[in-house]
Each structure stands twice: as C-alpha cells, then as structure tokens.
Amino acid sequence: MSKDTWINDILAGQYDGQDIELKGWIHRSRGSNKIRFIVIRDSTGKIQCVAKRAVLGDDFFDELKGSLIESSVILRGKVEATDREHGHEIQITSGEIVGAVNPDRPFPITESAMSEADGGETEFLLDNRHLYLRTSRMTTMLKIRSSVFGAIHSYFRNRDFIEYQAPNFVAGAVEGGSTLFEVPYFGRKAYLTQSWQLYAEAAMPALERLYTMAPSFRAEKSRTRRHLTEFWHAEMEIAWASNNEVMKHGEGVVRHIASTLLDERSDELASIGRDLELIARYADTPYPIIRYDEAIEILQSKGVDVEWGQDLDYSKEKILTADFEVPHFLTHYPRIAKPFYHRPDPEDPKYVLCHDLLAPEGYGEIIGGGERTWSEKEILERIDEEGTPREPYEFYIDTRRYGGVPHGGFGLGVDRVCTWLSGADHIREVIPFPRDSRRVTP
RNA sequence: GCCGACAUAGCUUAGUUGGUGGAGCGGUGGACUGUUAAUCCACAGGUCGCAGGUUCGAGUCCUGCUGUCGGCGCCA
C-alpha cells in the first residue's frame with residue numbers, strides 16, 4: 001500500500017475535477033441521515049468530504065455515519081473547487097474504513113479537553129500525549145521543530161563541520177555533580193551525559209570543526225517552563241578559535257534557524273499566532289554583545305539588588321532581556337562563577353572568556369559557550385582550584401598534553417529555541433514526549 | 001531542595017452558612033439532503049483522589065497521605 005494524494009496538494013488545486021483516492025483520519029463528522037460532511041485529516045491538512053446516501057448506498061453510508069473521530073479511512077471521489085469555507089471538497093463515491101474506533105472507547109481528546117488547554121497543557125493532555133500529538137497545534141509544533149533541527153544541521157554542514165557522536169554513558173560530570181543521573185552499570189556506577197563537550201574536545205585535534213545534536217540529561221528538579229531532564233543539545237567545538245569566533249557561530253546558527261523558519265514554516269507559525277515580523281527581526285538584526293560588568297551596572301541602575309561575582313539567575317536575566325529586541329550576548333563572567341573548563345581572560349584573569357546568549361521576550365538563556373582552558377598548566381590549576389578530582393578527567397587533560405591549541409565551543413538548547421521562536425508558553429509544548437522531574441510517561 | 005495552588009462522569013466544569021450531586025461536550029438510540037464546535041428529542045454514565053476525624057448528617061469543615069500543576073534556585 002502506498003499513498004500518493006495529500007490534502008495540501010488538493011487544497012492547492014492540483015486535483016480539481018479529478019477522481020482521487022484519499023487516505024487519512026476522520027477529524028469531524030456531521031450531517032443528516034441522507035448527507036454527511038466528513039472532515040478528513042492527514043499530516044498535511046484537513047479537507048471536507050461529502051457523503052451522500054443516494055451515491056454510496058445504505059451499507060457504506062451507514063458504516064461511514066457510524067465511524068467515530070480518528071477512525072482511519074480510504075475515500076475515493078471527485079475533487080470539487082467550491083466557494084465554501086474549505087475551498088475544496090471531495091464528493092465521495094466509494095471507500096472503506098481501515099481502522100474503526102470502538103464506541104466503547106471513543107477518542108478521548110475532545111473539544112472540551114482542548115478548550116481549557118489553549119496551548120498550555122492539562123494533566124489529562126499530558127497523560128494522553130500519545131494521542132494529543134495528532135491535534136493540529138501539536139502537529140504544527142512538531143513541524144516547526146523539524147525545521148529547527150534541519151536548520152542546525154545545514155548551518156554546520158555548509159561550513160564544513162563534521163557531525164561527531166559522543167557516548168551517552170559517561171563516568172564523570174560536566175556541570176555540577178548533583179545533577180547527574182546515576183545508572184547501574186554492571187556492578188559499577190555510570191551516569192547519563194550532561195554534555196558532549198568533553199568528548200568533543202578530545203576529537204578537536206582530529207576534526208578541528210565538529211558539531212552534534214543529541215540528548216543531554218540533567219537531574220535537576222526544576223519546575224519551570226524552560227527545563228527538561230532530557231533535552232536536545234546542539235553543540236559545536238572549533239579549533240584555533242577565540243571566544244569571539246565561537247560567538248559568531250552562535251549568532252549565525254540562531255539567525256539561520258530564524259530565516260529557515262520564515263522560509264519553511266511561515267504558515268505554521270502564523271497558525272499558532274506568531275508574529276512573523278519578530279522572526280524576521282531575529283533573522284536580520286545583529287545581536288548586541290555586553291560584558292558581565294556592564295550587565296551588573298545596568299541591573300544596579302535599575303535598582304536590582306545584585307553584587308559583582310554572582311551568576312545571573314533567571315529573574316535578573318529577565319529584567320535584562322526586557323531592554324533588548326533581539327537576542328544578545330553576555331560575556332566575561334567572573335571566573336568564580338563558572339566551571340574549570342572556561343579559559344581565564346589573559347588580560348584580566350578575574351574573568352573568563354565565555355558567553356551566554358539570551359533570547360528576548362523573557363525567554364532567557366539559549367546558548368552557553370566560550371573559549372576553553374587549553375594549556376596543561378592552566379587546566380590543572382583550574383581543576384585544583386575548584387576542588388574537582390583529576391582522575392575522571394585524565395583523558396580530557398591529555399588533550400592539552402599532546403598539542404593543545406586554543407579552541408572553544410558552545411551548547412544550544414534546541415527545545416528552548418523551539419519554544420522561543422514558536423512563542424510557546426512552555427518548553428513541554430515543543431517536544432513530543434517531555435521528560436521532567438515528575439513525568440516519564442507516556 | 002524551597003514556596004504556593006488544585007483533585008467532582010471519558011473530557012471541561014457548577015455545587016450557596018454542612019441537609020440524598022447538576023450542566024455542556026463526548027457515547028448510544030431516534031429526527032433531519034449543504035453542515036461548519038450543525039441542530040432537535042430521549043437514554044446511559046459518579047466509591048466527589050486515598051485514609052482518618054468533627055457532626056444527627058461531609059463533595060463542602062479539620063488532619064495526614066498520594067498525585068498533578070504553577071513559581072523559585074540551578075542551568076541549555
């Protein structure tokens with residue numbers, strides 16, 4: 001079996017006046033005992049089909065009349081351009097029910113289930129996520145997400161980056177150890193990776209420009225609209241690069257994602273109420289860069305209680321991002337606020353050569369990156385200074401022992417970018433099966 | 001880890017100072033030949049999250065538990 005007729009092509013007028021065979025699912029069904037209006041959904045759209053008892057005969061008409069929402073069907077008939085609401089209709093002449101829905105268990109996602117959700121997510125919809133995926137809002141989000149993933153791949157591949165895979169079982173942490181997922185590993189302990197970075201640095205002298213998109217895992221009991229325990233992490237690492245060059249790629253990839261969405265998903269973005277002018281601005285306007293010290297001054301001038309040396313938490317990020325209409329970089333954090341792999345600034349070692357990219361509209365951090373500590377002497381100092389044991393990082397230190405070079409990279413939260421660019425209220429809305437501290441099912 | 005809410009039919013919910021739980025959607029049966037969340041009539045569907053307590057009497061008041069949601073911290 002195959003399918004060669006798609007609803008969006010019918011709606012575009014490709015089949016006007018022709019007999020076609022349509023495969024899909026019943027979205028809505030209404031009408032009388034003599035005529036039924038059956039709206040069929042497929043992955044590309046919805047179209048109204050007209051079933052008449054006089055044409056179909058009693059058997060198939062009654063079968064169709066009794067078919068519940070989300071039954072799968074094959075319908076054959078003639079495409080007719082009309083000036084009614086849908087623009088095109090199919091006058092059904094024959095067909096068959098492929099997968100009938102049992103009336104004892106009707107499709108549970110009803111209008112009422114959707115009405116209160118309004119883009120957000122009720123417990124019921126989260127419990128029935130596997131069915132919620134079929135609704136138009138979720139389908140739209142998944143299409144946008146696909147384009148975001150495609151844009152990230154094309155950005156790096158078009159610039160001769162090599163896609164490179166790191167293990168997901170690891171022995172040590174990248175970030176603080178408290179957020180590691182521990183898994184039993186044949187009598188030993190292993191952890192789920194928090195980042196591809198350390199393994200990417202090992203391959204940096206071999207590939208020089210590399211990237212990945214892979215899940216990262218963080219056992220944070222975060223209950224916010226921008227955290228998942230399993231999230232998709234786009235990371236890159238580049239040899240012979242400074243913090244500034246890494247930032248150029250960060251800006252480049254985010255702008256490329258925005259322009260790709262404008263090309264590929266304007267209709268979808270508009271259908272969920274996203275202002276396309278905003279997306280165009282994110283694609284076209286340069287992203288400003290401010291230093292951590294300037295950010296502190298801005299915050300203090302606004303009367304925010306913040307001291308130099310503190311990391312900037314979300315409440316402060318939000319105040320800062322309110323001043324910007326496009327994403328903006330924060331650079332040169334105090335070294336005491338950042339982990340050992342960030343390289344101290346040779347011009348003032350109180351700071352490290354790092355950057356965060358903050359999305360506007362209150363969405364906050366989407367990229368964290370910077371230049372790496374790359375000499376053996378410096379990396380050992382930084383590890384010891386932090387009180388981190390050296391042993392799990394021997395392979396990482398070896399990268400410096402054998403021809404270390406200046407290099408850097410960043411990690412981008414793909415789900416966060418999807419949330420921001422789609423204008424979603426919650427990161428859960430943009431991933432099919434979200435994982436957080438309270439939910440691993442379905 | 002911390003703080004705050006919520007839990008009534010398959011879904012969304014109403015439920016007064018405590019007195020035998022209603023509706024809309026969905027489902028079933030019926031009417032209806034152009035409907036747009038179709039309409040109209042009828043029917044079925046409830047251990048009011050769980051366990052205690054107060055009371056003549058608890059969906060309603062109290063305590064504990066469980067689950068979920070929202071926010072903070074941390075981060076992408």
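We use all heavy atoms of the structure for the numbers below, so side chains are in, but hydrogens, waters and symmetry mates are not. Quick note on labels: first sequence line is chain A, next is B, and so on, each numbered from 1.
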Testing H233(A), Q194(A), Q197(A), E230(A) for side chain to side chain donor-acceptor pair (under 3.5 Å) with S216(A), which one passes?
->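 Only match with S216(A) under side chain to side chain donor-acceptor pair (under 3.5 Å): H233(A).
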
Could you work out the separation of [N] and [M] based on their [atom1] atoms and round it to a whole Å?
N: rU54(B); M: rU60(B); atom1: C1'; value: 13 Å
N: rG1(B); M: rA37(B); atom1: C1'; value: 45 Å
N: rA38(B); M: rU28(B); atom1: P; value: 15 Å
N: rA44(B); M: rA9(B); atom1: C1'; value: 11 Å
N: rC48(B); M: rC43(B); atom1: P; value: 24 Å
N: rC6(B); M: rG49(B); atom1: P; value: 13 Å
N: rA51(B); M: rG45(B); atom1: P; value: 23 Å
N: rG18(B); M: rC56(B); atom1: P; value: 15 Å

Which nucleotide in the list [options] gets nearest to the side chain of [X]?
X: T110(A); options: rG34(B), rG10(B), rA76(B); result: rG10(B)
X: R223(A); options: rU28(B), rU33(B), rG70(B); result: rG70(B)
X: L126(A); options: rG26(B), rG73(B), rC69(B); result: rC69(B)

Pull out every residue in residues 432-442 of chain A that has a heavy atom closer than 4.0 Å to any atom of RNA chain B, ordered by number, or say none.
->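 Only R438(A), R439(A) qualify.
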
Classify the nucleic acid contact of [X] as base, sugar-phosphate or nothing, counting any heavy atom under 4.0 Å across all strands shown.
X: I69(A); value: nothing
X: F124(A); value: sugar-phosphate
X: H27(A); value: nothing
X: N33(A); value: base
X: Q48(A); value: base
X: I109(A); value: nothing
X: E89(A); value: base
X: T224(A); value: base

Stacking of F37(A) on rG34(B) base (centres under 5.5 Å, planes under 30°) |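 Ring-base stacking flag not set for F37(A) and rG34(B).
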
Answer with yes or no whether the side chains of E235(A) and Y164(A) bring together a donor and an acceptor at under 3.5 Å.
-> no

For R265(A) and S147(A), does a side-chain donor sit closer than 3.5 Å to a side-chain acceptor?
->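 Present: a donor and an acceptor within the cut-off.
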
Assess whether atom [atom1] of [X] is packed by more than 12 heavy atoms of other residues, nucleotides or ligands within 6.0 Å.
X: K143(A); atom1: NZ; value: yes
X: E325(A); atom1: CD; value: no
X: N102(A); atom1: CG; value: yes
X: E307(A); atom1: CD; value: no

Flag the pair W308(A) / Y351(A) as yes when their ring centroid distance falls below 6.0 Å, and as no otherwise.
->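 For W308(A) and Y351(A), the ring centres are under 6.0 Å apart.
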
Whole-Å distance separating the [atom1] atom of [X] from the [atom2] atom of [N]:
X: F217(A); N: rC75(B); atom1: CZ; atom2: C1'; value: 16 Å
X: D356(A); N: rA76(B); atom1: CG; atom2: P; value: 7 Å
X: L180(A); N: rC75(B); atom1: CG; atom2: P; value: 14 Å
X: E123(A); N: rC11(B); atom1: CD; atom2: P; value: 10 Å
X: E429(A); N: rC69(B); atom1: CD; atom2: P; value: 14 Å
X: K34(A); N: rG30(B); atom1: NZ; atom2: C1'; value: 14 Å
X: F107(A); N: rG26(B); atom1: CZ; atom2: C1'; value: 12 Å
X: D415(A); N: rC75(B); atom1: CG; atom2: P; value: 18 Å

Return no unless some side-chain N or O of K221(A) is found under 4.0 Å from OP1 or OP2 of rG1(B).
->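 Yes, within the criterion.
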
Can you check whether H233(A) has a side-chain N or O nearer than 4.0 Å to OP1 or OP2 of rC75(B)?
->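 For rC75(B), neither OP1 nor OP2 has a side-chain N or O of H233(A) closer than 4.0 Å.
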
Would you call the rings of [X] and [Y] parallel, tilted or perpendicular, taking 30° and 60° as the class edges?
X: W232(A); Y: F149(A); result: perpendicular
X: Y396(A); Y: F340(A); result: perpendicular
X: Y211(A); Y: H153(A); result: perpendicular
X: F410(A); Y: F156(A); result: tilted

Annotated structure of RNA chain B as dot-bracket, pair cut-off 3.5 Å, Watson-Crick or G-U only, | for inter-strand, is (((((((..((((.....[..)))).(((((.......))))).....(((((..]....))))))))))))....

Which comes earlier along RNA chain B counting from the 5' end, the contact point of I35(A) or that of D104(A), where each point is its nearest nucleotide?
->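 Here D104(A) is the residue nearer the 5' end.
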
F231(A) or K318(A), whichever maps to the more 5' nucleotide of RNA chain B = K318(A)

When every nucleotide of nucleotides 38-49 of chain B is labelled 5' to 3' by its protein contacts under 4.0 Å (heavy atoms), B for base, S for sugar-phosphate only, - for none, what sequence of letters results?
-> B-----------

So how far is it from R416(A) CZ to I367(A) CD1, rounded to the nearest 0.5 Å?
->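 If we round to the nearest 0.5 Å, R416(A):CZ and I367(A):CD1 are 11.5 Å apart.
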
Do R157(A) and Y155(A) meet the cation-pi criteria used here (NZ or CZ under 6.0 Å from the six-membered ring centre, within 45° of the axis)?
-> no

Ignoring hydrogens and angles, does a donor from either the side chain of [X] or the base of [N] sit under 3.5 Å from an acceptor on the other?
X: E317(A); N: rG73(B); answer: no
X: E220(A); N: rG1(B); answer: no
X: S222(A); N: rC75(B); answer: no

For V246(A) and G408(A), which heavy atoms make the closest approach, and how far apart are they?
-> CG2-C, 3.7 Å

